Each structure stands twice: as C-alpha cells, then as structure tokens.
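Some notes on the structure that comes next.
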Amino acid sequence: MENFSFYSPTKFVFGKDTESKCGSLVKEFGGSKVLIHYGGGSVVRSGLLDRVKASLTEAGVAFCELGGVTPNPRSGKVYEGIDLCRKENVDFILAVGGGSSIDSAKAIAMGVCYDGDFWDFYAGKARPKKALPVATVLTIAAAGSEGSGDSVITHENGMLKRGASGECIRPKFSVLNPALTQTLPAYQTACGATDIMAHVFERYFTNTTDVQTTDRLCEAVLLSMIEETPKVIKDPNDYQARANIMWAGMVAHNNIVGVGRDQDWNSHGIEHELSALYDCAHGAGLAVIMPAWMTYVVDHDVMRFAQVACRVWNCKMDFQNPKKTALEGIAAFRSFLKSIGMPTTFAELGAKESDIPYLVKTFGLGETGKTGGFVQLTSKDVENIYRLAL
Ligand code: NZQ
Ligand code: ZN
C-alpha cells in the first residue's frame, strides 16, 4: 500500500424526508443567501424544489434560483450562474439534483471566487484554491459528486468535456434521501448503477500490491450493486434497495475504496469524449467502453481480472488457463449491463465508427502522449478500444 492522506469532511444526512433539514444545515455551515441550482425540471415536478424552499424559508435563509442545468452540464449555464451569484451577493450554493446540477454548482462556486475564466480550472491552466461553499440534495445515485472534490463540465466552444478537482468544492453537506430516486426512469437508474460500478473498477485495477482491505471494500460495493440494481429495475419503489445503491454511489467515489493505490481512469476519459459528442448519458457510455477497455488490457494483469471474476462474478478459477477465467468475468460484467438495459456497443449508443478519428483527436494525447494509472495508453490504443466497442 502507498502512503496517503484521506480527508473527506462532507456531512451526510441520510434517509426519508431529510430534505426538510436543508434550511438548518445551510445555517449550520454559515450560509445566509443561497443559490438553489437545479436541472431540467424533475425537482419541480416531484415537489422537491418547493420542499427545499420551504425549509430555507422556515430557517430564515434568503435564496434565489437558477434551473435549466442539462445532463453533461454546459459552460453557458456556469457563466450565467456566476453572474447571478455576484449580482445577488450569494454566499452558498445548494445543488438540488444529480451529478450535472452538482458539477455545475461546483463550477459556479469556483468561478465566483476567481478573477479569470472559470474554464481555466478545467483546461488545466489554474488550480482552484477558493470557492463558495457548496451543498447538495441528491436525486440520483450515480456520479458520486455529492461526496467528491470533482466537477465535470462541457465547454460549448468545441464541446470539450473536462474535469476539475479541488478540496474547496467538496460539498459541505449532502442530503441523501433514497425515496427521491424512486421517480427515476429505469434507464437512468441503470446508467447510475453502471457509473457507480465503473468508479469502483477504475480503482480496483491497480498496479499497487498489498491492498487487500481496499480490494475487499471494492468487491463489497460491486457485489451490493449486482444484488440491489435488479431489484430497483423491477420495482422502482423498493426503498431499501434504493438506499443501498445511494450509499454505494457515495462510497464508490469519495475515494475511501481507492486510497493507497494507483488508479486507472482511462475508461472515464475515453467515455467523456462520447458523452461530449453524442450527449449520451455518462453511464451508458461507460457500459460501452469499460468492457472494451477491460478486454484490451486484460493481459496486463490476468490474475487481477481472474480475481474479480471469481470473487465478484462467481466464476470458477481455471488454474491451467487463468485468462479464460478473466475473460469470463468480463463477459459476466457485459451480460449484467445488458440485463439492466444498458447498451454495450457503439451502434446501440448511436455512436458512429466514422467519428473515431475525431474522438481520438479530442481525447488529446497527440502523437506521443500516454495516460492511465493501470495501463498507459497511447492514441493508437484509445482508437483500438473504440474499435473494440463497435
Ligand atoms: O435535469 P432533470 O430534470 O433533473 O433530470 C435528470 C436528468 O435528465 C434526471 N433525474 C435526476 N434525478 C431524477 C431525475 N429524473 C427523475 N427523478 C429523479 N429523481 O436524470 C437525468 C440525469 O441527471 P444527471 O444529473 O445528468 O445524472 P448523473 O448524476 O449521472 O450526472 C452525470 C454527470 O456527472 C458527471 C458525468 O460526466 C455527467 O456529466 N460525472 C461527475 C463526477 C464527479 N463530479 O465526481 C464523476 C463521474 O464520473 C462523472 O463523470
Ligand atoms: Zn463516472
């Protein structure tokens, strides 16, 4: 295991009706004028937005609002939010929604405290040092943004989808009421489940040795997702299964299962080009890319792939031919994704083979660059992975 420091100070308030605590929580963290930031209307239709407003009003906290965040959130909404926060003297941002609303809120929070263009943080030109405090009321278990110091935004100029990270954007508190996820369409639920599993796999595939504790934590989260996801696809109102998935989504991405080990993250980078170009759901893109990436890199550490095949996918170890076991595990992952309604090929996603050169170019490695924590990939490798996903 490698040295690490782990500091994840978000306060999680979990369970039924917890959104009624928003007002007192904002006060606890020093907010007096809140921007409520949300998406395309699900929180209006469900009545959640009204309940959040009522809680803020009851606590005597002033607020303004900005809705309309799209999935794969865009830079335009961030600029709008920064202007609004400055005009209204906002000192606290409350995202009500999924990863997209939360990531947009984080971008606004950084941008308000920065004299330059907020995109500098996403283009790698500056590192965020200061941000308005951000908090969340989560409505979909997926991105893990409710507990992470990360934000992913797409710039409309060139449709570049990029991430920024910083401790200053880790949420102060996150309200996690699993019942709020019961209105999700099955497809979005499955996209979220795929993303959660992908966050674990990005960490599981590592070159660091002697990481049994985090290996076993990763396996536990994967096993829970395999058990609970089909339950909510069958019965969207299964509160207990929703609760387990919601907590898994947080655990999968606040890095408790990834400390002390190198991590890969190439599947995410390769996927982000798909959701940038086709505006598909991030989880759906991962369902297409991650099994292809696994197949492409399996020879790098056959025994690690065989380990997850046996421990998570219940495959029988073939000691004469461990690669056979490893490939069975990858096939089991792909069948699971299909069983919950995910696409697993380019065509099912609406992606085109003819776009592959463009996707490789925007991935941005150039002729000689390499990236990845588990396996270092070149542009040619990235192209091969897109082709394997056809
Ligand atoms: O916009 P509304 O109307 O709210 O509808 C949303 C949206 O259409 C809908 N939805 C959310 N909760 C609902 C609901 N519909 C009915 N009932 C509910 N309770 O679901 C759709 C997807 O929402 P979105 O916020 O886009 O989903 P998700 O949480 O999957 O976020 C995806 C974004 O997060 C990024 C992804 O790249 C993508 O842009 N990621 C962020 C990460 C981070 N910040 O740490 C890490 C991830 O790897 C990921 O890259
Ligand atoms: Zn993800």
Side-chain angles (χ1 to χ4, degrees), residues 10 19 37-49 67-75 77-78 95-107 109 122 134 136-155 159-166 169-171 174 176-203 232 236-237 242 245-246 249-250 252-255 258 263-276 279-287 289-290:
T10 305
E19 62 272 20
H37 198 39
Y38 57 93
S42 72
V43 301
V44 179
R45 289 191 294 280
S46 66
L48 172 62
L49 187 65
V69 180
T70 55
N72 302 312
R74 306 293 154 86
S75 51
K77 190 56 75 179
V78 176
V96 183
S100 296
S101 297
I102 300 171
D103 285 4
S104 182
K106 289 173 172 177
Y122 295 79
V134 175
T136 86
V137 180
L138 186 66
T139 62
I140 172 171
S145 191
E146 67 277 15
S148 83
D150 307 317
S151 160
V152 184
I153 301 289
T154 301
H155 205 294
M159 295 309 279
L160 294 175
K161 187 172 185 180
R162 297 288 180 264
S165 301
I169 53 169
R170 201 182 281 273
S174 282
L176 308 182
N177 175 358
L180 298 177
T181 68
Q182 288 173 195
T183 52
L184 277 166
Y187 183 76
Q188 285 296 344
T189 298
C191 287
T194 306
D195 194 17
I196 292 168
M197 294 176 80
H199 292 162
V200 176
F201 281 128
E202 296 280 18
R203 295 171 164 98
V232 293
N237 295 320
R242 291 274 186 200
I245 291 173
M246 195 166 223
M250 203 299 293
H253 200 46
N254 86 331
N255 211 29
Q263 306 178 4
D264 192 72
W265 294 101
N266 267 333
S267 297
H268 264 69
I270 296 171
E271 187 296 308
H272 281 164
E273 300 309 327
L274 292 177
S275 44
D279 210 12
C280 59
H282 170 60
L286 285 168
I289 293 301
M290 195 151 230

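What you see is a predicted model; the values in this text were computed from it and never measured. Read the numbers this way: they start at 1 and go in the same order the structure lists the ligands and their atoms. Sequence positions, counted from 1, serve as the residue numbers for this chain.
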At under 4.0 Å between heavy atoms, which part of [X] makes contact with ligand 1: side chain, backbone, both or neither?
{"X": "Gln182", "answer": "neither"}
{"X": "Ile102", "answer": "neither"}
{"X": "Asp103", "answer": "side chain"}
{"X": "Ser100", "answer": "both"}
{"X": "Ser42", "answer": "both"}

Item to check | Qualifying residue for side chain to side chain contact (heavy atoms under 4.5 Å, CB included) with Ser151, from Val78, Asp103, Val134 | outcome: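 Between Ser151 and the candidates, side chain to side chain contact (heavy atoms under 4.5 Å, CB included) is satisfied uniquely by Asp103.
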
What about [X]: any of its N or O atoms under 3.5 Å from an N or O on ligand 1?
{"X": "Gly40", "answer": "yes"}
{"X": "Thr181", "answer": "no"}
{"X": "Ser148", "answer": "yes"}
{"X": "Leu180", "answer": "yes"}
{"X": "Pro73", "answer": "no"}
{"X": "Trp265", "answer": "no"}
{"X": "Lys106", "answer": "no"}

Next on the checklist: So, 2.8 Å as the limit: is an N/O/S atom of His268 located closer than that to the Zn ion (ligand 2)?
Outcome noted: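 Yes.
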
Item to check | Residue Glu271, metal the Zn ion (ligand 2), N/O/S under 2.8 Å | outcome: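 Short answer: no, not a single N, O or S atom is under the cut-off.
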
Item to check | Heavy-atom pair of closest approach, residues Ala252 and His199 | outcome: O-CB, 3.6 Å

Item to check | For the student: nearest non-hydrogen atoms of Thr136 and Pro171, plus distance | outcome: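 Between these two residues, the closest heavy atoms are CG2-CG, 3.9 Å.
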
Counting each atom of ligand 1 from 1 as listed, which ones have a heavy atom of [X] under 4.0 Å away?
{"X": "Ala142", "result": "29 (O), 30 (O)"}
{"X": "Gly98", "result": "25 (O), 29 (O)"}
{"X": "Gly41", "result": "3 (O)"}
{"X": "Lys161", "result": "36 (C), 37 (O), 38 (C), 39 (O)"}
{"X": "Thr139", "result": "11 (C), 12 (N), 13 (C), 18 (C), 19 (N)"}
{"X": "His253", "result": "45 (O), 46 (C)"}
{"X": "His199", "result": "47 (C), 48 (O)"}
{"X": "His268", "result": "48 (O)"}

How far is [atom] from the closest protein heavy atom, and which atom is that?
{"atom": "atom 13 (C) of ligand 1", "value": "Leu184 CD2, 3.3 Å"}
{"atom": "atom 34 (O) of ligand 1", "value": "Ala143 CB, 3.7 Å"}
{"atom": "atom 8 (O) of ligand 1", "value": "Pro71 CG, 3.7 Å"}
{"atom": "atom 22 (C) of ligand 1", "value": "Gln188 OE1, 3.6 Å"}

Checklist entry - Is there a side-chain contact between Leu176 and Glu146, using heavy atoms and a 4.5 Å cut-off? => result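 A side-chain contact exists here, since the closest heavy-atom pair is under 4.5 Å.
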
Item to check | Close approach, Val43 and ligand 1, non-hydrogen under 4.0 angstrom | outcome: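 The answer is no, since Val43 has no heavy atom less than 4.0 Å from ligand 1.
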
Next on the checklist: I'd like to know if Arg162 and Glu273 make a salt bridge, using a cut-off of under 4.0 Å between side-chain N and carboxylate O.
Outcome noted: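 Answer for the salt bridge query: yes.
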
Checklist entry - How about atom 10 (N) of ligand 1: does it have a protein heavy atom within less than 4.0 Å? => result yes

Next on the checklist: Yes or no, since that's all I need: does a protein heavy atom fall within a distance strictly under 4.0 Å of atom 6 (C) of ligand 1?
Outcome noted: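 Under 4.0 Å from atom 6 (C) of ligand 1, zero protein heavy atoms found.
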
Checklist entry - Between the side chain of Arg45 and the main-chain N/O of Val43, is any donor-acceptor distance below 3.5 Å? => result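 Not at all, since once roles are kept as given, no pair shorter than 3.5 Å links the two residues.
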
Next on the checklist: Only N/O/S atoms count here: what is the atom of Asp195 closest to the Zn ion (ligand 2) called?
Outcome noted: OD1

Next on the checklist: Using the rule given for side chain to side chain contact (heavy atoms under 4.5 Å, CB included), can you reason through Arg203 versus Asn255, listing the C-alpha separation, both sets of side-chain angles and the distance that settles it, and then say yes or no?
Outcome noted: CA-CA 9 Å; Arg203 295 171 164 98; Asn255 211 29; 2.9 Å; yes

Next on the checklist: Nearest 10°: the angle subtended at the Zn ion (ligand 2) by His199 NE2 and His282 NE2?
Outcome noted: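 NE2 of His199 and NE2 of His282 make an angle of 170° at the Zn ion (ligand 2), to the nearest 10°.
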
